[in-house]
There are 2 protein chains.
Amino acid sequence: MESRELRYFVAVAEELHFGRAAERLGIAQPPLSRAIQQLERRLGVDLLERTSRAVTLTEAGSVLLREGRAALDAVEAADRRTRRAAKPHPGLVLVTKAGSAGELLARLLDAYAADPSAVTVDVQLCGVGEQERMLRDGRADVALLHLPFDSTLGFDTEELHTENQLAILPRGHELLSRPHVKMADVTDLPGLPLPRWPDRVGVYTDGPGPKVRDTAQLYQLIALGRAAAVLPESCRTHLRSDLAAVPVLDAPKVTTVIAWPPHSRSQALAALVRTATLL
Amino acid sequence: MESRELRYFVAVAEELHFGRAAERLGIAQPPLSRAIQQLERRLGVDLLERTSRAVTLTEAGSVLLREGRAALDAVEAADRRTRRAAKPHPGLVLVTKAGSAGELLARLLDAYAADPSAVTVDVQLCGVGEQERMLRDGRADVALLHLPFDSTLGFDTEELHTENQLAILPRGHELLSRPHVKMADVTDLPGLPLPRWPDRVGVYTDGPGPKVRDTAQLYQLIALGRAAAVLPESCRTHLRSDLAAVPVLDAPKVTTVIAWPPHSRSQALAALVRTATLL
DNA sequence: GGGATCGATACCTGTGAGGTATCGATCCCC
DNA sequence: GGGGATCGATACCTCACAGGTATCGATCCC
């Protein structure tokens, strides 16, 4: 199986429309139809059910969509990591969510920079749930993830830090007078719903609560008295002055882990991970 | 990057010889040379240093060898899993080392077969260190691995069972009179060296001790008074009558884990894993 | 029933993958 | 030190196939 065929199939399987998929791939529709037919013939497997009005995935087709995405990520990772390895000073790319782990990350970068064998660390901030993808397709070498929110499936990890969570509320809110609260106190505050975050494909779940993409938006909404939030206590160091926080006793603990692709063999990465575990 | 290019490069990087690599790939040498040149040109990276007498990998070349193997495994896995998913009764392929986990595996298969939603489980036995590869390239869906010997890098796992290890000796050996021994008692027995196992590419480390490939060979050697071994205590159930065992107090504990590719979504696999954890 | 939508088919073209023959550099050895 | 062996690169040819355009045929909608 050629990666070109996989790219074509994934495009069709995602669009469920040959015309749009062809456009996305920058080719005409007929060669795309033929390529998919040929793939089906070579595999001896029906991947798509097509009528002239709708295209749907077969069972085998969904398997190939999932496996094909992973394979294409791996091919892309091979490409990117090879190019990067050839640069004079390869460095490392570390990715983490914007607005999280700031304190820990600063300490890690400082400690690592003190290592005589240290290489430059390029810090990339990305959206929610995007870190896994970046590790997988070679855009990043290492990530700081937050359990239980992020998935560490398929990566090697070391736990770095565990912390409790705080309820973030507009300054002056009545709950702030208590020494601590419970999740139940926060989940159904009148007029202050918890926000909704996009999932890894950028789609929001249905339900109440304002949609947010980053902490800046979130803080703004809380300050406006339109939302509340439960966040790891490390956010306290960079909390806006018009917000305040109170510990939530029964919120799940948040664990920060450092994660990297399991077959990595880079000296620099190993040193960075070692530094992280010694923090 | 096309998977054909990756296959070609991996062949050359493994053989370090264009002629042999071409033969292995079933093509002539000149197109192979050109394909590699084109890959280097497209990447803008030198992958190989060639003189007319020797071919060696550059730094970037070894990165591409490692990443390329992983990517090719992923592509092959996509192919195989898609074909299997299209079969009328897909079933599951479970792989484990020959001669290990017999007891546990039998219990697992029995318990799973009692599940009304159970599918057929095809048990594959393979050589040392081959399980990871089979999981990665789609020949298997799930494996029983043994820590600390096997690597679980890149897989999801659940621990099933932990056991101590025994020294396996020819019947009548003087150590057998003791209630237990220590590693130091076993590592330097005169005339009874511990055997050497091949690593994942089939190469034996240098040093003393007979080379063995499987437990049948090993047991034979021990019975002949040419070797001793330290094995998990579950081997007692199928020990030959001309061998005997004594617990080794300070040997590392052996943990049997069930492992599967992290992006698996199969109902059948989930049920099997659930059954395993409830044993 | 006419038009719009959409995948499949027919047919053409050019790129490039793969083949053979040969070159040029290096090493080996008598 | 020169002849032969080894091995990757180059030159040149051919044909398969990726990709294009035009069009068909089925389905849905008004």
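Lettering follows sequence order; numbering is per chain, from 1. Note that these values count all heavy atoms, side chains included, but never hydrogens, waters or copies made by symmetry.
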For residues 11-20 of chain A, which residues have at least one heavy atom under 4.0 Å from DNA chain C?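 His17(A), Phe18(A), Gly19(A), in order of number.
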Side chains of [X] and [Y], donor plus acceptor under 3.5 Å:
X	Y	value
Ser151(A)	Glu132(A)	no
Ser33(B)	Gln29(B)	yes
Glu2(A)	Ser3(B)	yes

Nearest whole Å is fine: how far is [N] [atom2] from [X] [atom1]?
X	N	atom1	atom2	result
Leu47(A)	dG7(C)	CG	P	16 Å
Glu5(B)	dG16(C)	CD	P	12 Å
Ile27(A)	dA8(C)	CD1	C1'	15 Å
Glu23(B)	dT6(D)	CD	C1'	15 Å
Glu49(A)	dG7(C)	CD	C1'	14 Å
Arg41(B)	dA17(C)	CZ	P	10 Å
Phe9(A)	dG7(C)	CZ	P	14 Å
Arg4(A)	dG16(C)	CZ	C1'	12 Å

Within 45° cone and under 6.0 Å: Arg20(A) NZ/CZ vs Phe18(A) ring: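 Here Arg20(A) fails the 6.0 Å and 45° test against Phe18(A).
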Six-ring centre of Phe9(B), Arg7(B) cation under 6.0 angstrom, axis tolerance 45°: no
Base-paired stems in DNA chain D, each at least three Watson-Crick or G-U pairs under 3.5 Å: C:1-30 with D:1-30
Does dT6(D) have OP1 or OP2 sitting under 4.0 Å from an N or O in the side chain of Arg50(B)?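 It does not, given that no N or O in the side chain of Arg50(B) lies less than 4.0 Å from OP1 or OP2 of dT6(D).
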Going by an N to O cut-off under 4.0 Å, is there a salt bridge joining Arg24(A) and Glu14(A)?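 Glu14(A) and Arg24(A): salt-bridged.
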For the pair Thr96(B) and Leu125(B), evaluate side chain to side chain contact (heavy atoms under 4.5 Å, CB included) and give the outcome as yes or no after the intermediate values. CA-CA 5 Å; Thr96(B) 189; Leu125(B) 301 176; 3.6 Å; yes
What heavy-atom pair brings Arg80(A) and Asp137(A) nearest, and what distance separates the two atoms? NE-O, 3.0 Å
Closest contact, heavy atoms only, Tyr204(B) versus Arg196(B): CE2-O, 3.4 Å
Do Leu272(B) and Trp260(B) pass the side chain to side chain contact (heavy atoms under 4.5 Å, CB included) test, and can you show the C-alpha distance, the side-chain angles, and the key distance before you say yes or no? CA-CA 11 Å; Leu272(B) 180 66; Trp260(B) 63 95; over 6 Å; no
Short of 4.0 Å, heavy atom to strand atom, which residues of residues 28-38 of chain B count as contacting DNA chain D?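 When residues 28-38 of chain B is checked for heavy atoms under 4.0 Å from DNA chain D, the hits, listed by number, are Gln29(B), Pro30(B), Ser33(B), Gln37(B).
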List the steps and the verdict of side chain to side chain contact (heavy atoms under 4.5 Å, CB included) for Leu57(B) and Leu48(B). CA-CA 5 Å; Leu57(B) 282 173; Leu48(B) 301 165; 3.6 Å; yes
